[in-house]
There are 2 protein chains.
Amino acid sequence: MFTVNELALESDTPAHVVRYYLRIGLIQPAAQQENGYRLFTSNDASRLRFIRMAKHLGFTLNEIKQITQHAELGESPCDDVRKIIQHRIHENRAKIEEMMNLQERMEQALEQWDLMPDGIPDGNSVCHLIESVEGSEGHCHTET
Amino acid sequence: MFTVNELALESDTPAHVVRYYLRIGLIQPAAQQENGYRLFTSNDASRLRFIRMAKHLGFTLNEIKQITQHAELGESPCDDVRKIIQHRIHENRAKIEEMMNLQERMEQALEQWDLMPDGIPDGNSVCHLIESVEGSEGHCHTET
DNA sequence: CTACAACCTGTGCGTTACACACAGGTCAAG
DNA sequence: CTTGACCTGTGTGTAACGCACAGGTTGTAG
């Protein structure tokens with residue numbers, strides 16, 4: 001039987017993360033001491049390791065919860081797992097593209113600003129650097 | 001004098017976003033009707049357009065708040081603006097890299113899983129697909 | 001046996017930038 | 001006056017923790 005701290009060490013997870021997973025019901029204590037301390041088995045440690053693996057693969061905690069609940073009922077979560085990853089691959093690709101666009105916008109701005117002096121704000125302008133950036137009228141919104 | 005909705009149209013911002021900005025004090029109403037409705041001037045509209053520009057460039061709402069507060073006091077925010085963008089460029093580069101690593105992990109996993117059948121979970125295993133993924137013991141943590 | 005310090009415990013709140021819901025208010029048409 | 005469409009402010013929920021706090025536990029010294 002491990003305490004929270006021991007479970008954290010055993011599963012290579014920060015203790016406060018273990019507590020968070022407990023809070024949201026992603027893991028449950030196997031037992032409880034009289035003073036309220038939660039106790040765990042080595043089974044919980046491997047469960048926790050599974051959770052970290054899934055997170056490392058991009059699954060959200062909610063998805064992991066679904067998966068473990070399915071597994072607990074004896075149903076195979078594999079089909080959902082494949083679908084989720086496929087969806088996440090698309091999602092992530094879009095996000096990366098958006099962040100690369102942002103990156104370019106920022107780099108272009110910084111370069112452009114190199115030739116511009118600092119300015120004192122007046123009633124019309126808050127920061128002429130930011131206001132000088134072009135292309136702010138074309139907002140692209142890509143949904144999931 | 002505009003209402004929230006009119007200000008939203010004028011500044012090309014969703015109305016619920018305008019309300020959010022009001023809530024966090026990023027913008028303030030110029031006046032108030034007797035029924036509690038908030039009223040704005042065209043000055044507020046251009047302020048809001050500035051906020052959208054800054055967001056488009058990657059500034060957080062907190063940073064924008066700082067910038068506008070500086071500007072309101074007559075101090076030039078330009079120096080901070082340059083520093084923030086420089087910092088954000090580094091930050092974003094790291095994030096993009098991390099997301100590309102994740103992308104590769106996901107794609108490799110999906111490919112690898114193509115040859116694997118679905119499995120029924122037992123006590124030892126939750127989902128053998130996820131558990132089969134290699135390299136889960138080497139966690140990389142890149143800080144800002 | 002007691003005093004004290006170091007550490008560990010559960011839990012409440014703060015974070016980002018909205019999205020949604022809800023009860024009530026406003027305005028034009030009939 | 002009533003109906004319906006729309007608009008208003010505000011409370012709450014989101015993801016995944018990070019931090020802080022008051023109290024409990026454990027080890028060591030005296």
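All values below were derived from every heavy atom in this structure, side-chain atoms included, with hydrogens, water molecules and symmetry-related copies excluded. First the proteins, then the strands, lettered A, B, ... as listed; each starts at 1.
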**Study point:** Nearest-nucleotide 5' precedence on DNA chain C, B:Leu61 against B:Tyr37
**Key:** B:Leu61
For a quick test of your reading: what N or O donor-acceptor pairs under 3.5 Å do the side chains of residues 114-126 of chain A make, sequence neighbours left out?
| from | atom 1 | to | atom 2 | distance (Å) |
| --- | --- | --- | --- | --- |
| A:Asp118 | OD1 | B:Arg82 | NE | 3.0 |
| A:Asp118 | OD1 | B:Arg82 | NH2 | 2.7 |
| A:Asp122 | OD1 | A:Asn124 | N | 3.3 |
| A:Asp122 | OD1 | A:Ser125 | N | 2.9 |
| A:Ser125 | OG | A:Glu131 | OE1 | 2.9 |

Exercise for review: Ignoring backbone atoms, test whether B:Thr3 places a side-chain nitrogen or oxygen under 4.0 Å from the OP1 or OP2 oxygen of D:dT8.
Suggested key: yes
Study note, to complete from the structure: Testing C:dG25, D:dC17, C:dA19 for proximity to the side chain of B:Asn35, the answer is C:dG25
Check your understanding: Does CD belonging to A:Gln32 count more than 12 external heavy atoms closer than 6.0 Å?
Key -> yes
Check your understanding: Taking the side chain of B:Asn5 as heavy atoms from C-beta outward, which of C:dG10, C:dG25, D:dC7 is closest to it?
Key -> D:dC7
Revision key, fill the gap. Rounded to 10°, the helix from C:dC1-D:dG30 to C:dG30-D:dC1 deviates from straight, judged by its five-pair end axes, by 30°
Review point. With the threshold set at 4.0 Å, does a side-chain nitrogen-carboxylate oxygen contact exist between B:Glu63 and B:Arg88?
Key: yes
**Study point:** Closest listed nucleotide, where the reference is the side chain of B:Lys55 and the choices are D:dC17, C:dA17, C:dT11
**Key:** C:dA17
Practice item. Report yes or no: do B:Glu91 and B:His87 form a side-chain donor-acceptor pair below 3.5 Å? Key: yes
Review point. Counting only distance, no hydrogens or angles, is the base of D:dG18 paired donor-acceptor with the side chain of A:Arg19 under 3.5 Å?
Key: no
Check your understanding: Around A:Met99, counting heavy atoms of other residues, nucleotides and ligands shown, do more than 12 lie under 6.0 Å from its CE?
Key -> yes
